[in-house]
Amino acid sequence: MEAYAPKNILITGAAGFIACHVANRLIRNYPDYKIVVLDKLDYCSNLKNLFPSKSSPNFKFVKGDIASADLVNYLLITENIDTIMHFAAQTHVDNSFGNSFEFTKNNIYGTHVLLEACKVTGQIRRFIHVSTDEVYGETDEDAVVGNHEASQLLPTNPYSATKAGAEMLVMAYGRSYGLPVITTRGNNVYGPNQFPEKLIPKFILLAMRGKPLPIHGDGCNVRSYLYCEDVAEAFEVILHRGEVGHVYNIGTKKERRVIDVAKDICNLFNMDPDKSIQFVENRPFNDQRYFLDDQKLKNLGWSERTSWEEGLKKTMEWYINNPDWWGDVSGALLPHPRMLMMPGGIERHFDDAEKCDSGKSEFKDKPNQTGTEAPASKSNNSLQKPPYKFLIYGRTGWIGGLLGKMCDKQGIPYEYGKGRLEDRSKLLADILAVKPTHVFNAAGVTGRPNVDWCESHKTETIRTNVSGTLNLADVCREHGLLMMNFATGCIFEYDAAHPEGSGIGFKEEDKPNFAGSFYSKTKAMVEELLKEYDNVCTLRVRMPISSDLNNPRNFITKISRYNKVVNIPNSMTILDELLLISIEMAKQNLRGIWNFTNPGVVSHNEILEMYKKYIDPGFKWANFTIEEQAKVIVAARSNNEMDASKLKKEFPELLPIKESLIKYVFEPNRKTPAV
């Protein structure tokens, strides 16, 4: 059979794991092929996965959703696409038990949109649909022969059911409309660049952190594992030699029990398996075995090259060298993760082809090559919708008000929530009406004029700070929304392990040790509970300061009006700088807990010295001790240093606290002559 020679290939989902290896391989090996990648950059995708192709002239990246018919049609026509390799899908079985509708929308509806676009344009010469071995269902434990391509499909979980459904559509379009379709069904794949919700990267990252490896059930489930580069080669072979109308299994005869995989990883890290393996509750239905007959693909000339030992060692080395590739993945490392589909949920797919450099893109130096503009939709103008829309709670609050102003300056559409956090039905109504891409929670009770108020209004404080915040997080999770939650770092105080002046700050994983105020108690309580929600980004703000020196909530405004102040070094948050970073964090869908302060500490006296230098040369103040302070306040105050290295690593431009104070607060407000 004559080899197929494509010209312009659209690869969906190629910022994800398997497809990135396929895309990078084709771009590298076939400079005459134009490769267009379409990916909506979901939680398990990463533009860095395509970094090897960044400078290639035959590569273009488009951020967008396969569910947008306007976008897909536009790309097929304008890029003269003749071949589609369709990888984009939600694939994690655990997630499918908690959010199965998202799998239907992505895996079935998204595939249907692609097929219909192929039918309408009439220019596609190959449509390679990527499915999974799980559509066959469970293989008998004693079976000697694996499932072959004509075996019955018997999916057992929502994920595999949606993949089987998508296959039926592909087959129907092949038969009804003559589309040149090929389907692949593959075993488990492992290797570099895989999001750590999957078994092998999860175990490697947990082992790197010295944590136990959780195994569902008894660990006797059997799986077959293929190294990613071998799989990429299989797709290369199928692309060029695969026969239209056929199905190809991509598999291996080398099977392993899950517990043996865990033991192999323990051995690589010199860990005792008996102490490091933890058995946890099994998932609702955990197929015992998937076993494929891959002879048909071998007849095309493909064979597995990488041994298990070699592939596992390569994978381990990659994760050791790239520990922060995915950012905060604490939610994915749970025994039963429920990572959110970003940007999934209620009407949250992008309807346009957004340029890469709208977010944190490694490709923004080549806008013409790596981005594209789509035309306006003829039906509803959806292609002109901006990529983000924020729903902000805390309109009357200081931080909420500043957020709105910053969104105005950046041209980001936003609306303030109308419902109170305690009223679930009103929160739901807000989400349905606004249709946001992200939710910011800047609402909360801090007390008027200060936290002493909370000591005599405990139920009101609980209602908003605990119940209301959890309510909003839960509603957001149900609708696939990331919640940016402004929390507090006033849940720590200097102690023997973090002494004042030592430069040793409290880290994100440290347990709160300050309970001197009821306000701090509620904030520590809700932060701990929010760890169960993988759709929350918790930002620990401390002693917030802004350039508005007339605002009574501003820390500088407060202490400049006090008769006496204590003089203790503290971590603080310059809102003019850090609120902009919070918006970027939302765009990047960052999650987990973050110490949201500028690096370093500054004391009360140092701030007031700056105030005297820049604002009022005649300003005077007096100090008193913490013991003296305690006589005039109701609740104790938190004093601490926060370790901001995690935030600084993600945003290297973040200024140290004293430099930020001068740049964002005192220089803009200077009333004294510059020296």
Side-chain angles (χ1 to χ4, degrees), residues 1-39 45 47-64 66 71-89 114-115 117-118 121-130 170 179-184 186 189 191 193 228-244 246 248 250 297 300-302 305 353 356 362-363 366-372 374:
M1 184 178 65
E2 184 179 352
Y4 173 67
K7 293 181 179 179
N8 303 310
I9 306 174
L10 176 67
I11 305 181
T12 68
F17 170 47
I18 300 175
C20 78
H21 290 279
V22 175
N24 289 330
R25 184 185 188 91
L26 293 177
I27 292 164
R28 179 178 68 246
N29 292 348
Y30 302 93
D32 292 337
Y33 296 177
K34 181 172 74 174
I35 308 295
V36 179
V37 168
L38 175 61
D39 198 301
S45 300
L47 266 177
K48 290 189 288 187
N49 290 343
L50 293 166
F51 193 81
S53 302
K54 172 186 175 183
S55 302
S56 301
N58 60 330
F59 167 62
K60 175 181 283 189
F61 177 84
V62 179
K63 181 176 179 181
I66 59 171
L71 172 59
V72 172
N73 279 285
Y74 171 75
L75 286 178
L76 296 192
I77 294 169
T78 58
E79 302 296 339
N80 198 24
I81 299 297
D82 59 21
T83 303
I84 293 178
M85 302 181 78
H86 175 36
F87 290 85
L114 285 172
L115 291 167
C118 293
T121 57
Q123 64 192 50
I124 301 302
R125 298 165 56 215
R126 286 290 189 282
F127 183 101
I128 298 176
H129 175 69
V130 182
V170 171
L179 289 187
V181 299
I182 296 174
T183 296
T184 70
V189 184
N193 306 92
C228 55
E229 284 301 327
D230 291 344
V231 174
E233 184 180 1
F235 280 103
E236 182 182 15
V237 169
I238 291 168
L239 170 65
H240 295 106
R241 304 179 200 165
E243 192 171 344
V244 169
H246 283 238
Y248 294 92
I250 305 175
L297 178 58
L300 294 183
W302 175 84
R305 298 178 185 272
C356 298
E362 283 72 22
F363 305 149
K366 300 179 68 180
N368 293 330
Q369 178 177 323
T370 59
T372 187

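All values reported here derive from a predicted model rather than from experimental measurement.
- Here the OG1-OH distance, from Thr184 to Tyr248, works out to 11.0 Å after rounding to the nearest 0.5 Å.
- Across every non-hydrogen atom of Gly13 and Ala19, the tightest pair is O-CB, 3.4 Å.
- Note that CG of Asp39 is 11.0 Å distant from CD1 of Ile11, once rounded to the nearest 0.5 Å.
- Side chains of His129 and Thr183: a donor-acceptor N/O pair is absent below 3.5 angstrom, by distance only.
- When the ring pair (Phe, Tyr, Trp, His ring centres under 6.0 Å) test is applied to Phe235, the partners found at least two apart in sequence or on another chain are Phe87.
- The shortest side-chain heavy-atom distance between Leu76 and Ile84 falls under the 4.5 Å cut-off.
- Considering all non-hydrogen atoms of both residues, His86 and Thr12 come closest at ND1-OG1, 2.8 Å.
- Contact between Val22 and Ala232 at its shortest, heavy atoms only, is CG2-CA, 3.9 Å.
- Atom CG of Leu75 sits about 10.0 Å away from atom CG of Leu114, to the nearest 0.5 Å.
- The distance from atom OG1 of Thr83 to atom CZ of Phe127, rounded to the nearest 0.5 Å, is 11.5 Å.
- Within a 6.0 Å sphere centred on CZ of Arg305, heavy atoms belonging to other residues, nucleotides or ligands number 12 at most.
- Considering Ile9, Val36, Ile27 in turn, Ile27 is the only one that fulfils the side-chain contact (heavy atoms from CB on, under 4.5 Å) rule with Asn58.
- Note that the CD atom of Glu236 and the CH2 atom of Trp302 stand 13.0 Å from one another [nearest 0.5 Å].
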Q: Start with the C-alpha gap between Lys7 and Asp82, add the side-chain angles, then the distance that decides, and say whether salt bridge (charged side-chain N to carboxylate O under 4.0 Å, His left out) holds.
A: CA-CA 7 Å; Lys7 293 181 179 179; Asp82 59 21; over 6 Å; no
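- The line from CG of Leu300 to CD1 of Ile238 is 7.0 Å long, rounded to the nearest 0.5 Å.
- Residues meeting the ring pair (Phe, Tyr, Trp, His ring centres under 6.0 Å) test with Tyr33, sequence neighbours left out: Tyr30, His240.
- You'll find the side chain of Val244 reaches within 4.5 Å of the side chain of Arg126, heavy atoms only.
- In this structure, the side chain to side chain contact (heavy atoms under 4.5 Å, CB included) partners of Asn8, at least two apart in sequence or on a different chain, are Lys34, Asn80, Ile81.
- Using a 4.5 Å heavy-atom threshold, the side chains of Leu26 and Met85 count as touching.
- Residues Cys118 and Ile124 share a closest heavy-atom pair of SG-CG1, 3.6 Å.
- Summarising the geometry of Ala15 relative to Asn49, their closest heavy-atom pair is O-ND2, 2.9 Å, with the distance given to 0.1 Å.
- Side-chain contact between Ile18 and Val130 is absent, with no heavy-atom pair separated by less than 4.5 Å.
- In this structure, Glu229 and Arg25 have side chains that are in contact, with non-hydrogen atoms separated by less than 4.5 Å.
- The side-chain heavy atoms of Val189 and Ile250, taken from C-beta on, include no pair separated by under 4.5 Å.
- Pairing each heavy atom of Leu50 with each of Ala23, the nearest pair is CD2-CB, 4.2 Å.
- The shortest distance between side-chain heavy atoms of Val231 and His21 does not fall below 4.5 Å.
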